[in-house]
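Index from 1, following the sequence. Order of listing sets the numbers, starting from 1, for every ligand and every atom in it.
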Amino acid sequence: MSAKPKVAFFDFACCEGCQLQIANLEEDVVQLAGLVDVVEFREVLTGSAPEYDIAFIEGSITRKADEERLKNIRSRSKLIVAYGQCAVTGGINRLKNRWQTMDEVKKQVYGDHFNMPHLDTYRTKGIDEIVKVDLYIPGCPINRDEFLQVVKELLLGKTPKMPNYPVCVECKLKENVCLFDTGITCLGPLARAGCGAICPSNGAPCDACRGTVADPNKNAMHEILMKYNYTVAQIKNKIDIFGVDPEVKK
Ligand code: SF4
Ligand code: SF4
Ligand code: SF4
């Protein structure tokens, strides 16, 4: 039997884009394979195991049946890592929670057939609303390098720390022109860094796909809102797309 830690990957409601980030690690897959024994990963292999040292969970919880499956995985895993914003907060799937009822959501998709019995969807939840989560890897999608770093640190017995400073720090280090100066709203002052400010560096606003920093400097954001005539409601509406960071919820 292999002495390497047993690692498994599971997905719930999501686009599977975060799994693809891992499947596309290319030469780093060899490095990963040398560190762990991947025993379950639907996207890249068949097979399973009765228990795991680390279970990586992707996707949000949207049905009662998901809860039972997730609890079963929790009962068989020493560590649970929520990876990708769908698992961390519910992610983009949370948009359906803006409707008053799930019947309204189902009508949007299925029209007159919205009442079919298998359409048992409910309000989207992050996985920590069902089971205890030991670690979060934010992002939509996750950053591959950050994922590898997390795996290495976990194997060394360390507790990985996510950056707790805003995207603006990385953006300013790159000497970008601030998008607010061009009339574009950007969540960089509140968003959790770690992506290298990839969006503003390419002319697109940050939408806080990695959630918000645990202690957002609201005063700095407030000053920016006042300076550029934005409202708190406009910003809140945008933040809600990817959900509030778990550390902020606590
Ligand atoms: S976090 Fe984004 S990329 Fe990852 S599975 Fe969810 S929607 Fe897809
Ligand atoms: S607000 Fe956006 S564009 Fe401006 S510095 Fe911050 S991250 Fe960069
Ligand atoms: S810049 Fe913002 S939206 Fe873009 S990847 Fe980074 S955190 Fe996500």
Side-chain angles (χ1 to χ4, degrees), residues 9-24 41-43 56-62 66 81-96 124-128 133 136-147 162-214 216-228 230 234-235 238-246 248:
F9 294 84
F10 299 96
D11 54 80
F12 289 84
C14 65
C15 80
E16 302 186 5
C18 290
Q19 276 183 70
L20 272 179
Q21 287 289 92
I22 296 166
N24 290 338
F41 193 168
R42 187 176 58 80
E43 191 91 10
F56 289 93
I57 311 285
E58 177 192 39
S60 58
I61 304 305
T62 62
D66 295 340
V81 179
Y83 79 107
Q85 211 64 10
C86 290
V88 172
T89 65
I92 205 89
N93 295 328
R94 288 172 55 90
L95 286 173
K96 78 176 184 187
T124 299
K125 299 175 181 178
I127 67 169
D128 67 356
V133 170
Y136 301 91
I137 304 178
C140 181
I142 57 162
N143 177 311
R144 279 181 279 185
D145 295 335
E146 186 169 63
F147 171 80
M162 293 299 123
N164 190 22
Y165 48 86
V167 167
C168 284
V169 172
E170 293 176 334
C171 189
K172 288 181 190 305
L173 282 172
K174 292 195 168 176
E175 301 183 354
N176 295 328
V177 172
C178 181
L179 290 172
F180 275 103
D181 289 334
T182 67
I184 298 172
T185 321
C186 178
L187 294 185
L190 293 174
R192 183 182 291 277
C195 60
I198 188 168
C199 299
S201 300
N202 288 283
C206 172
D207 287 332
C209 82
R210 295 169 53 85
T212 51
V213 287
N217 186 345
K218 292 179 185 141
N219 290 336
M221 190 71 203
H222 186 71
E223 281 171 23
I224 292 170
L225 293 178
M226 299 301 286
K227 181 177 173 188
Y228 294 97
Y230 289 102
Q234 280 174 307
I235 298 296
K238 283 173 75 79
I239 287 177
D240 278 351
I241 292 173
F242 289 105
V244 175
D245 187 278
V248 180

Could you tell me the residue and atom name of the protein heavy atom closest to [atom], and the distance to it rounded to 0.1 Å?
atom	answer
atom 4 (Fe) of ligand 3	Cys199 SG, 2.3 Å
atom 2 (Fe) of ligand 3	Cys206 SG, 2.3 Å
atom 6 (Fe) of ligand 1	Cys86 SG, 2.3 Å
atom 1 (S) of ligand 1	Gln85 N, 3.3 Å

Considering the heavy atoms of [X], write down every atom of ligand 2 situated less than 4.0 Å from one of them.
X	result
Gly188	7 (S)
Phe180	1 (S)
Pro189	1 (S)

Using a 4.0 Å cut-off to any heavy atom of [X], which atoms of ligand 3 qualify?
X	answer
Asp207	2 (Fe), 3 (S)
Ile198	5 (S)
Pro200	1 (S)

Taking all non-hydrogen atoms of both residues into account, name the closest pair between [X] and [Y] and its distance.
X	Y	result
Glu146	Ile137	OE1-CG2, 4.1 Å
Gln21	Pro141	CG-CB, 3.8 Å
Ala13	Cys86	O-CB, 4.1 Å
Phe41	Gln19	CE2-OE1, 3.4 Å
Tyr228	Phe180	CE2-O, 3.3 Å
Asn24	Arg144	O-NH1, 2.7 Å

Review point. Is the closest heavy-atom distance from Gly196 to ligand 3 below 4.0 Å?
Key: no
Practice item. Please determine if atom 8 (Fe) of ligand 2 has an N/O/S atom from Cys171 lying under 2.8 Å away. Key: yes
Practice item. Can you label the angle between the Tyr83 ring and the Phe56 ring as parallel, tilted or perpendicular, going by 30° and 60°? Key: perpendicular
Review point. Of all the atoms in Cys168, is at least one N, O or S atom closer to atom 6 (Fe) of ligand 2 than 2.8 Å?
Key: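 Cys168 does place an N, O or S atom closer than 2.8 Å to atom 6 (Fe) of ligand 2.
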Point to revise | Note, Cys209 side chain near Gln85 side chain (heavy atom, < 4.5 Å) | key: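 No - every pair of side-chain heavy atoms lies 4.5 Å or more apart.
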Check your understanding: Would you say Ile198 and Asn143 make side-chain contact, with heavy atoms under 4.5 Å?
Key -> no
Which ligand 1 atoms, with their elements, are less than 4.0 angstrom from a heavy-atom of [X]?
X	result
Pro141	3 (S)
Cys14	5 (S)
Glu16	5 (S)
Gly139	1 (S)

Exercise for review: Report the C-alpha distance between Asn93 and Ser60 in whole Å, list the side-chain angles of each, state the deciding distance to 0.1 Å, and finish with yes or no for side-chain hydrogen bond (donor to acceptor under 3.5 Å, both in side chains).
Suggested key: CA-CA 7 Å; Asn93 295 328; Ser60 58; 2.7 Å; yes
Point to revise | Close approach, Ala197 and ligand 2, non-hydrogen under 4.0 angstrom | key: no
Review point. Is it true that Asp207 and Lys238 have a side-chain N and a carboxylate O under 4.0 angstrom from each other?
Key: yes
Point to revise | Residue Cys209, metal atom 4 (Fe) of ligand 3, N/O/S under 2.8 Å | key: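 Checking Cys209: none of its N, O or S atoms is under 2.8 Å.
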Practice item. Check Glu58 against ligand 1 and report side chain, backbone, both or neither, counting heavy atoms closer than 4.0 Å. Key: side chain
Review point. Out of Cys140, Cys15, Gly17, Ser60, whose heavy atom sits nearest atom 8 (Fe) of ligand 1?
Key: Cys15
Review point. Who gets closest to atom 3 (S) of ligand 2 by heavy atom: Leu179, Val177, Thr185?
Key: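 The nearest heavy atom belongs to Leu179.
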Check your understanding: Which is it for Ala204 and ligand 3 at heavy atoms under 4.0 Å: side chain, backbone, both or neither?
Key -> neither
Check your understanding: Any idea which part of Cys195 is under 4.0 Å from ligand 3, heavy-atom wise: side chain, backbone, both or neither?
Key ->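 Side chain only.
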Check your understanding: In Å, rounded to the nearest 0.5 Å, how long is the span from CG of Leu190 to CD1 of Ile224?
Key ->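 Answer for the CG-CD1 pair, Leu190 versus Ile224, is 8.0 Å.
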Check your understanding: Do any N or O atoms from the side chain of Glu170 and from the backbone of Ala193 form a donor-acceptor pair under 3.5 angstrom?
Key -> no
Practice item. Give a yes or no on this: more than 12 heavy atoms of other residues, nucleotides or ligands lie within 6.0 Å of atom CD1 of Ile92. Key: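 Atom CD1 in Ile92 is packed in, count exceeds 12.
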